[in-house]
Structure formats: C-alpha cells, structure tokens
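Please read the structure below before turning to the comments.
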4 protein chains.
Amino acid sequence: MRVRDDKKQVALYRATIKLVNEIGFEASSVSKIAREAEVSPATLYIYFKNKQDLIISTYIDIKKNMSQAILDDLDETKPVRDVLQQVWRNMFTYVSTNKEDFRFTEQFSNSPYHASVNKQELEKHFEPIVRVIRRGIEHKIIKNVSFSILTAFMFHPIMVLANPNLCSDFELNNESIEASFQLAWDAIRL
Amino acid sequence: MRVRDDKKQVALYRATIKLVNEIGFEASSVSKIAREAEVSPATLYIYFKNKQDLIISTYIDIKKNMSQAILDDLDETKPVRDVLQQVWRNMFTYVSTNKEDFRFTEQFSNSPYHASVNKQELEKHFEPIVRVIRRGIEHKIIKNVSFSILTAFMFHPIMVLANPNLCSDFELNNESIEASFQLAWDAIRL
Amino acid sequence: MRVRDDKKQVALYRATIKLVNEIGFEASSVSKIAREAEVSPATLYIYFKNKQDLIISTYIDIKKNMSQAILDDLDETKPVRDVLQQVWRNMFTYVSTNKEDFRFTEQFSNSPYHASVNKQELEKHFEPIVRVIRRGIEHKIIKNVSFSILTAFMFHPIMVLANPNLCSDFELNNESIEASFQLAWDAIRL
Amino acid sequence: MRVRDDKKQVALYRATIKLVNEIGFEASSVSKIAREAEVSPATLYIYFKNKQDLIISTYIDIKKNMSQAILDDLDETKPVRDVLQQVWRNMFTYVSTNKEDFRFTEQFSNSPYHASVNKQELEKHFEPIVRVIRRGIEHKIIKNVSFSILTAFMFHPIMVLANPNLCSDFELNNESIEASFQLAWDAIRL
DNA sequence: GATGAATGAGTGTTCATTCAT
DNA sequence: CATGAATGAACACTCATTCAT
C-alpha cells in the first residue's frame, strides 16, 4: 500500500494560498489549485472533503501558526503595555515574514467561507491576549469599554497597515511599528 | 452598451448588492443578477460592458453616495475634533441606514476586483477629510505621522465595529459611537 | 430574440431513447445524449431542468403516445372479449412499429427513475381498459380476482413476447398474435 | 484475480445486491460496494476482473441458488399440472424469502449487463421445467404453441406479481398464489 | 493476499457571453 | 431597446482502475 504523502497536503495549502491571493476565491478552481500543487484534482479529494474543506483547513492551519508566532515568547508577568507592545511587534514580524499567509486570512475573513468556521475554537489560541487586556482594565490602565472596541483599535489597524493593497505608503520598519503602536496604546489606555 | 432606462440600471445595482451580500461574489452569476433585477441577461450587457464592469460600477456608485452622505453637512470652520466627530457620526449613520451597501463595499474591498478600481478618483470625494486632518497636524493637535497610520486608527475601526460579522457584540447606539470616537481621537491626537 | 426550436426538444427525446436502449441509463450521459441530438449540453438544460427531468419527460411523452395508439379506435359497446382483443392487437401494432419507444419504457420501469413518476396521472390514460375489465367481472365473463392478477396475465406477457431480448424465438405476426391472445383470454375468463 | 477468502467473495455479493437494490446500478460505484463489503476497492479486483464481472457473477450466483430452490423437491413422475403447481409454489416461496436477490435479478434483466450473460448456460438449470411442459404438449394437456408463449404466460406473471413495485395491491399468501396459478394453468392448458 | 493512495477520464451542471429576432 | 435561445468552456466532484507497499 502506498503511504500518504505529507508533502502533498502542504503543497495543496501553499497552492491554495498562492492562487487565492493572486486571483481570489472565485477564480481559484479546484483544478487550478491541483495543478499549482502538482497533483491530480482527484488526489486533492483524498486530502480534503471538498473545496470548502480545503479552504477552511488552509485558514485554520495559518491561524494556528499565526497564534503560535505571536504568543510564543510572551511574558505575561510584565506590565500590560509591554506585553501588548510585544504582541504588536510579533504581529508585524509575522505579517512581514508571512505576507502571503496573512493576505489569505484577510480575504478569507470577508468570504462566505468565514461563516462556516468555529470561531470559539480559534479564539482559544489567542486567550493570553484577552487575559492581559482584562488585567489592564482591572488595574484602570485600559479604558473600560467593550472588548470589540478595544480590539478594533488595538489590532485591526495592524491588518490595514500591513496590507500594502490598502496602505501603499506605509513602510514596515521598526520606527513605523513603534510609532503606530503609540497610537494604538493611546487609543485604549486611560 | 446603450444606456436608456435608468430604472433598469438601478435595479441591476440593487440586485448585484443584494445577491453579493446573500451568496457572495462567487455564486452571484450574471443570470442570477439579471433574474433578481427582472431583466434578461442580454439586457444587462446593454448597460454594462461585462460582469466586472457591473460590479465595479456598483461599487463606485455606492462610494459616491457614501461620500456625499458623510460630508454633506460638514462645517470645516469648526475645531478639528468637532469636524472629525461629525464625520464619525455621519459614517455610523450611513452604515446603519445603508447596511446592505456598506456590506457590499466590505466584500468588494477584499475581492480581486478591488485592484481594478481607480482609487485616486474615489479618494477625491473624501478630500475634505484630508484637509481637516492636515490642519490638525499643522496646529499640533494631531500626531505628525504618516497619513496611512492616522486613517488606519481613525476610520478603519469603524468598518470593523459596524460589521456585525466581525463584531457581533458591538451595539450601534449613540453612547457606543461616542465612546468609540473617544478612542479614535485619543489615538491620533497629540 | 431567437425562438424556441421544437425540433430540438424532439431530437433530445429521440437521442435519449436511442442511447438508453443501446447502452443503458448508466452510460447515457448528458453529453452523449446532447451530441447524439446535435445540440450543446448546455442547450439541453434550456429544455429540461436536469437529466432526471429529461428522462422522465421522455417516458411520459412515450406513454401518452402509446395510450393514444392503443385506445384510439376502441368501441366499448362491443363484447368484452372483442374489446380486449382489439387492445391486444393495438398493443402489438404499437410495439412492433415503435420498438425503440417500447424498449425504453421497459428499461425505465426497472430504473430508479420509475419511483419519481406520478403513476395515477399516467394510469388515467388507460382508464377505458379498466372499465371493460370491470364490466367483464360484473357480467361473470372474467374471473373475479384482483386487478393486479388479471393485468399480470392479460398484458404483461405482451411485454415479454414483444421484447426480442427475452423471446428471441417469438415471431410477431397475425397468427402468433391471435394465438397468444387466446392464452390471455383463457387465463382470465371464467 | 487470485481467489482465497470465500467470506470476502460472499460479502461482495451481498454488498452488490444491497446497494443495487437501494440506489440502482448507476449509483452503485465500485468504491461504495467495497465500503459496504468492508474491503478495499483494490481487494475487489482480486476476486473479480472488473465491475461488470462482479455484477454478472452476482447475477449468476443468485440464479443458481434460485433454480436449486425451485427444482429441489420436484417429483417429475406426478401429473403435469401438479408438477407445474409445485414449481409455481416454490417460486413464490423463493421470491418471498429472498426478496433482495429477486429484486436484483429484476433490475439486472433490464440492464445492459443482461446482454453479456450466457443464457444457454443458465437455462440448463431450468431444464426439468422444459421437460414437463414438453410432456404436457405431447399428451395434449397443454396448448401446442411456441415455448416462448407458454413461459410468457406461465412464469412471467410471477415476476410481476411478486414485484411490489409493479403490483402494490397483490398480497402474497397461499390463497392468492393458488388463485393466480389457476389463471396460469387456464392460459396454457388445452 | 490485501490495501489505501493515486489518477486520467468522465460526470451533471452552470458560467459569461453572443446570437438572432 | 430588449430578449430568450444558444453555446464552448469551465466548474466541483466521482468514477473504475492501477500502483506501490
């Protein structure tokens, strides 16, 4: 019996990300993805139930890697501001070294596939961030407003700034990262 | 492409928005859009060059209406903070009274069609906002950082907060709007 | 506007019958049927909702023609035996001049499509036969057993005899038709 | 095609019969049959040359069991009518205790596979019935018409009556079996 | 002997677009 | 102007079968 080849699964993830970024979900047909990954379209269906499963699995795979990279070296005993700054830096590092993956998640979030993802499962991976923000609120360091508002100002601007499609004039460097973190921090702090 | 019946053109815009919101770009075929607008698929090609033209035109149409609504009653002689607060309020008003249109632009921004839009042309409509921010920087009221950073914190959180897909727990009311504006202002002010 | 071409619908019926007879339902793909009818597969979907609709419509079309041919010149005032004999003759005439159509209905009856047909609607067309048999029972000319049994002996043997697949040694001619009718009549009469 | 494990062969027969009855030939794919039989698709090809071989073998297997059951306790020295009545009873017994197998043969007879079966080989198993009918003709008990006609009236109605698909109102019990045999006998006797 | 992996060829169906009226 | 008819090309997916172990 032939044995399952992990390389094929990874190749399919990469092909999916590449094509979706280049031509969008609409045009990324199963056969194009398979061709890009250098497998038969039929083989794809050994690794994934269907197109939706392929795309959602790709998303979840990215998200897991992402949360690991962002939370890896976090020292939660440090002051709230320092922890968030570290997250901020990690995010930019991750985004700038994994632009393709990041861009894919951006597209995914606004696609109809997004509705089919178990968000709670995914958010679990980002729990440490929730904890530190909660600590900030308790210690009267961070504004006591709803969580949605805080993350909208704390993290979503990263997505925009890191997306060259939207911010062609933002240069990703240490200086600009620190400068923009200052805005984020000013927004949420008391 | 000979244009005549304005009602048909508008019907096609509405049908496009409705279907894209309901089933996404991928599933919104020309014939479905035509059926929804109660015209023949062939008629659609009288008003628009092709599917891409239809979708981009729909987007531009929304954006024009949007800028008008947001900038309509702006009094640029008022203090910087007041002007921006007015813009902030107008945006939320527009979004909450034109949820469908707004949701379409969200989807559009993350679709491959977005690359084909002449952004400068569109940004022209938002010129007054640029002016007031520039004034804020000159008067040392607003942080002197790149324009991208400022708008990322000033306006992009609105998109997130107003998108129930992303912020299911954010309630759109006067109080929450003012509270979130406070964060936006704190982010950018000196 | 182009106008719908009745010839195409008929060509699709003929192609379906021909192919199903030759290679069976399984192998009669939509594209093969379309090629045989000399239309595009996509065109087929203008005339029929899907493959099932095409096949069931073909069946119903045949059945209607069939009932008309069989019951056309029936004189219900004649003696029971004479009426049934006329039906018997008509059936053989129909079968021998429409072998393809008949063979199709045979295949159809044993396919899964059969379950999706409104049988009552179809049986209505054969009502005159029901009437004459009922008369025969009332007048003590025909055995008083269930309708199923009577038709199983009266009409089903025709299907067998007329199917050269099953009865390669049965020759369809006036003599053999009359001879076999004698068996049918002996079976059901008192 | 190396044969070994009889259990697997039988499991494949049963799986084929079950699936074909449930979803038809068209939908009964090799992999579904293999899954139902709890073997790998590749294993199936050890026992059978290909799909057609599997299906035809299944048919022949059933037919052999069937002929055995029908002819098992036949006493050819008895009067013609009694022998045929016994066959008639045996058939109904077989059909009602092996509904699945019977239903499969019904479907098979109207499929294109039927053309590929060596019928002479199969008919050999039913030779005793041929003998008794021939005897009936010689003794002027049975009508002297072609063999096809006789069997069409003698045996084919059984298939119809026993097929609940075609005769939903026929109840299989001793009384109805004897009553319907009377029709069969009246049809063929002189 | 037995198997899951692998695939080219095919399935039914829909697509964006053009044609003929 | 407006339209339903028409279609080649593509879609997501499954098929019967073979391969490699």
Side-chain angles (χ1 to χ4, degrees), chain A residues 1-6 8-9 26-34 38-55, chain B residues 1-5 8 26-35 38-55, chain C residues 1-9 26-34 38-55, chain D residues 1-5 8-9 26-35 38-55:
Chain A
M1 181 188 85
R2 282 195 204 168
V3 86
R4 208 183 253 240
D5 188 352
D6 245 16
K8 289 211 169 96
Q9 176 134 320
E26 180 161 13
S28 297
S29 71
V30 168
S31 55
K32 283 180 195 157
I33 292 171
E38 296 185 314
V39 300
S40 154
T43 304
L44 189 152
Y45 286 86
I46 293 169
Y47 293 86
F48 302 96
K49 236 174 43 220
N50 51 35
K51 190 186 178 181
Q52 165 155 335
D53 184 34
L54 164 66
I55 285 172
Chain B
M1 181 181 144
R2 293 158 284 178
V3 176
R4 243 302 137 92
D5 190 345
K8 287 211 170 97
E26 184 153 10
S28 296
S29 70
V30 168
S31 50
K32 281 182 196 157
I33 293 172
R35 199 178 312 129
E38 297 185 314
V39 301
S40 157
T43 305
L44 190 151
Y45 284 84
I46 296 169
Y47 293 86
F48 302 96
K49 234 170 48 213
N50 51 32
K51 190 187 179 183
Q52 166 154 335
D53 183 33
L54 163 67
I55 285 173
Chain C
M1 184 187 80
R2 281 193 205 170
V3 87
R4 208 184 255 236
D5 188 352
D6 245 16
K7 274 183 200 162
K8 288 212 170 94
Q9 176 134 320
E26 180 160 12
S28 296
S29 70
V30 168
S31 53
K32 282 180 196 157
I33 292 172
E38 297 186 311
V39 300
S40 154
T43 304
L44 190 152
Y45 285 85
I46 293 169
Y47 293 85
F48 303 96
K49 234 171 50 216
N50 50 34
K51 190 186 179 182
Q52 165 154 335
D53 183 35
L54 163 66
I55 285 172
Chain D
M1 182 182 145
R2 293 158 282 179
V3 177
R4 244 298 140 95
D5 189 346
K8 287 207 169 102
Q9 177 135 329
E26 183 153 10
S28 297
S29 70
V30 168
S31 50
K32 280 181 196 157
I33 292 172
R35 198 180 310 130
E38 298 186 314
V39 300
S40 156
T43 304
L44 191 151
Y45 284 84
I46 296 169
Y47 293 86
F48 302 96
K49 236 171 47 216
N50 51 33
K51 191 188 178 182
Q52 166 154 335
D53 183 34
L54 163 67
I55 284 173

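Letters A, B, ... mirror the listed sequences (proteins, then strands); counts begin at 1.
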(message) Can you list everything that forms a side chain to side chain contact (heavy atoms under 4.5 Å, CB included) with Ala27(A)? Sequence neighbours excluded, please.
(response) Ile23(A), Lys32(A)
(message) For dG10(E) and Ser29(C) - does any side-chain N or O of the residue sit under 4.0 Å from the phosphate oxygens OP1/OP2?
(response) no
(request) Compare side-chain N and O positions of Lys32(B) against OP1 and OP2 of dA16(E) and report whether any pair is under 4.0 Å apart. (result) no
(request) Starting from P on dA5(F), measure out to CZ on Arg2(C) and report it in whole angstrom. (result) 11 Å
(message) Could you work out, with salt bridge (charged side-chain N to carboxylate O under 4.0 Å, His left out) as the rule, every residue matching Glu38(A), not counting sequence neighbours?
(response) none
(request) With sequence neighbours excluded, tell me which residues meet salt bridge (charged side-chain N to carboxylate O under 4.0 Å, His left out) with Lys51(C). (result) Glu26(D)
(request) For Gln52(B) and dA16(E), give me the distance from atom CD to atom P, rounded to whole Å. (result) 13 Å
(message) Rounding to an integer number of Å, can you tell me how far Glu38(B) CD sits from dA2(F) C1'?
(response) 15 Å
(message) Expressed as a whole number of angstroms, how long is the span from Leu54(A):CG to dC11(F):P?
(response) 14 Å
(request) Kindly give the heavy-atom pair with the smallest separation between Ser28(D) and Ile33(D), and that separation in Å. (result) O-CD1, 3.9 Å
(request) Note every stem involving DNA chain E: at least three consecutive Watson-Crick or G-U wobble pairs, i with j then i+1 with j-1, with both distances under 3.5 Å. (result) E:2-21 with F:2-21
(request) Find the distance Arg4(A):CZ to dA20(F):P and express it as a whole number of Å. (result) 19 Å
(request) Quick one: list whatever passes ring pair (Phe, Tyr, Trp, His ring centres under 6.0 Å) with Phe48(A), sequence neighbours left out. (result) Tyr13(A)
(request) Whole angstrom is fine here: how far is it from CD in Glu26(D) over to C1' in dT14(F)? (result) 12 Å
(message) Rounded to whole Å, please give me the gap between NZ in Lys8(A) and P in dG4(E).
(response) 17 Å
(request) Check Lys8(A) against Val39(A) and note the closest heavy-atom contact, atom names and distance. (result) CD-CG1, 3.5 Å
(message) Could you work out, with side-chain hydrogen bond (donor to acceptor under 3.5 Å, both in side chains) as the rule, every residue matching Ser40(B), not counting sequence neighbours?
(response) none
(message) Tyr45(A): which residues meet the side chain to side chain contact (heavy atoms under 4.5 Å, CB included) condition with it, sequence neighbours left out?
(response) Val30(A), Asn50(A)
(message) Side-chain N or O of Ser31(D) versus OP1/OP2 of dT14(F): is the shortest distance under 4.0 Å?
(response) no
(request) Check each residue of residues 41-51 of chain C for a non-hydrogen atom within less than 4.0 Å of any atom in DNA chain E, then write out the ones that pass by number, or none. (result) Ala42(C), Tyr45(C), Asn50(C), Lys51(C)
(request) Remember a base hit wins even if backbone is also touched, and classify Val30(A) as base, sugar-phosphate or nothing at under 4.0 Å, heavy atoms. (result) sugar-phosphate
(request) Find the distance Arg35(B):CZ to dT3(F):P and express it as a whole number of Å. (result) 14 Å
(request) Sequence neighbours left out, what passes side-chain hydrogen bond (donor to acceptor under 3.5 Å, both in side chains) with Asp5(C)? Give chain and number order. (result) none
